[in-house]
Amino acid sequence: ERKRNKDNGMKMLIDAKAFRLLLSKNEEPTRENATNWYDLGTAHTKKDWQVNTTGERYVRVCVVYDDKCETYSNSVKVNVR
């Protein structure tokens with residue numbers, strides 16, 4: 001069972017193994033429909049990410065457990081140049 005920090009309103013997940021950045025034309029990127037993704041370990045705080053695509057895309061972060069995205073952030077529309 002996953003542990004959740006109940007001391008703050010966000011109930012932060014404290015047992016995440018990694019975070020995954022997802023990029024897609026889909027408004028709600030998932031690992032299955034993302035055209036690009038990058039895994040960040042729990043110690044990473046920033047990432048320079050090179051992708052071979054341009055135009056309007058959506059970015060989202062997911063929390064990874066057992067190599068699967070289980071919890072997703074809201075998606076953000078970006079213009080990749």
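This one's a predicted model, so the numbers in the text were calculated from it and none came from an experiment. What's counted below: heavy atoms across the whole structure, side chains too, no hydrogens, waters or symmetry copies.
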side-chain hydrogen bond (donor to acceptor under 3.5 Å, both in side chains) involving Glu32 - partner list, sequence neighbours excluded:
Thr30
Restricting to pairs with a member in residues 72-81, which pass side-chain hydrogen bond (donor to acceptor under 3.5 Å, both in side chains), not counting sequence neighbours?
none
How close do Val80 and Arg57 get, counting heavy atoms only, and between which atoms?
CG2-CG, 4.0 Å
Under a 3.5 Å distance rule, please check whether Arg60 uses its side chain to pair with a backbone N or O of Leu22 as donor and acceptor.
no
Please assess Val63 against Phe19 for the test side chain to side chain contact (heavy atoms under 4.5 Å, CB included), listing each intermediate value before the final yes or no.
CA-CA 5 Å; Val63 179; Phe19 300 93; 3.9 Å; yes
Using the rule given for side chain to side chain contact (heavy atoms under 4.5 Å, CB included), can you reason through Tyr58 versus Glu28, listing the C-alpha separation, both sets of side-chain angles and the distance that settles it, and then say yes or no?
CA-CA 7 Å; Tyr58 295 87; Glu28 294 187 2; over 6 Å; no
Does Arg20 have any side-chain hydrogen bond (donor to acceptor under 3.5 Å, both in side chains) partners at least two apart in sequence or in another chain, and if so, which?
Asp39, Asp67
